[in-house]
Amino acid sequence: EGSEAAAKGLQVGDIILQLNEIDMRDMTKVDHCQVYLSSYGWEDEETIQLTFQRSGEERTITIEKVAY
């Protein structure tokens, strides 16, 4: 709540299918951890394209990268 992703339509319960060019549909938990630990390889990216599914419908949004 209150995030840019929420403002662009992402909701609790949505299924994340793809982050930029990384297709997450068939990943195992280990695959997810490896992608996370590698910082997704987006150090130089300013935005992230996120594709998600809700009620069988896919939607793609672009959000600004958040630096922690």
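Residues passing the salt bridge (charged side-chain N to carboxylate O under 4.0 Å, His left out) test with E58 are R25, sequence neighbours excluded. Qualifying side-chain contact (heavy atoms from CB on, under 4.5 Å) partners for T28, counting only residues two or more places apart in sequence or in other chains: V30, D31. The side-chain contact (heavy atoms from CB on, under 4.5 Å) check on I63 picks up E4, A5, K8, I48, I61, with sequence neighbours excluded. In this structure, the salt bridge (charged side-chain N to carboxylate O under 4.0 Å, His left out) partners of R54, at least two apart in sequence or on a different chain, are D14. For T60, the side-chain hydrogen bond (donor to acceptor under 3.5 Å, both in side chains) test picks out T51, with sequence neighbours left out.
Residues A6 and E1 approach most closely at CB-CA, 4.5 Å, considering heavy atoms.
Here the straight-line distance linking atom CD of E46 with atom OG1 of T62 works out to 13.5 Å at 0.5 Å rounding.
Under a 3.5 Å cut-off, the side chain of E21 and the backbone N or O of D23 do not form any donor-acceptor pair.
Counting Ile, Leu, Val, Met, Phe, Trp and Tyr side chains that sit under 4.5 Å apart, directly or through other members, I15 shares a hydrophobic cluster with L17.
The number of heavy-atom neighbours closer than 6.0 Å to CD of Q11, taken from other residues, nucleotides and ligands shown, is above 12.
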